[in-house]
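All ligand and atom numbering here is 1-based and tracks the order in the structure.
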Amino acid sequence: MAGDWDGDGKDTLAVRRGNQYYVKNSISSGNADKVVDYGKATDEVLVGDWNGNGTDSLAVRRGNTYYISYTIHAGDADKVVAYGKATDDVYVGTWQ
Ligand SMILES: [Ca+2]
Ligand SMILES: [Ca+2]
C-alpha cells in the first residue's frame, strides 16, 4: 500500500505480511524503515491521514469496527469506532 508515512509530501510503499507492516520512507530496495505488528492477519487494512497532521497511518477493520492508529505503531489503537455494517464497502478520503 502507499502512503506518506513521514509527512514529507511524498508517498512511498509499505508491505504487509500477515499482521506485520514493513514501512519504507523512500522508493528504494533494502530494509524497511519501520516494522510494526498491528491488528490481526485477517483484518482489512486502510491507509489515511486520520488526524489531519500530514502523515498517513494505518487503520484495520474487523467487521464493522475500525481500529485507527494516528502513527505507525504496534499495540493498541488510538481510536476504536464501530461504523456501518460488516458487509459494507469502505472508502477513505478527505471529504470536507
Ligand atoms: Ca513520505
Ligand atoms: Ca496523520
- Taking C-beta and beyond as the side chain, do M1 and V15 meet within less than 4.5 Å on heavy atoms?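 Contact flag for M1/V15 side chains = no.
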Heteroatom test (N, O or S) for [X] near the Ca ion (ligand 2), limit 3.0 Å:
| X | value |
| --- | --- |
| N53 | yes |
| T71 | no |
| N51 | yes |

- Task: Considering non-hydrogen atoms only, spot the tightest contact between D56 and W5 and give its length.
- Result: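 D56 and W5 have their closest heavy atoms at O-CE3, 3.5 Å.
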Please name the atom of [X], limited to N, O or S, that comes nearest to the Ca ion (ligand 1).
| X | result |
| --- | --- |
| D6 | OD1 |
| D4 | OD1 |
| D8 | OD1 |

Report the distance from atom [atom1] of [X] to atom [atom2] of [Y], rounding to the nearest 0.5 Å.
| X | Y | atom1 | atom2 | answer |
| --- | --- | --- | --- | --- |
| D43 | N19 | CG | CG | 8.5 Å |
| I27 | K10 | CD1 | NZ | 10.0 Å |
| Q20 | D37 | CD | CG | 4.5 Å |
| D6 | D33 | CG | CG | 8.0 Å |

- Query: Among R62, K40, K79, R61, whose side-chain contact (heavy atoms from CB on, under 4.5 Å) with Y67 holds?
  - Reply: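 So the option named by the test is R62.
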- Query: Any N/O/S of K10 under 3.0 Å from the Ca ion (ligand 1)?
  - Reply: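 Of the N, O and S atoms in K10, at least one lies under 3.0 Å from the Ca ion (ligand 1), which means yes.
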- Query: So, D11 and the Ca ion (ligand 1): N/O/S under 3.0 Å, yes or no?
  - Reply: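 So D11 does not count as coordinating the Ca ion (ligand 1).
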- Message: Nearest 10°: the angle subtended at the Ca ion (ligand 2) by T55 O and D49 OD1?
- Response: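 It is 90°, given to the nearest 10°.
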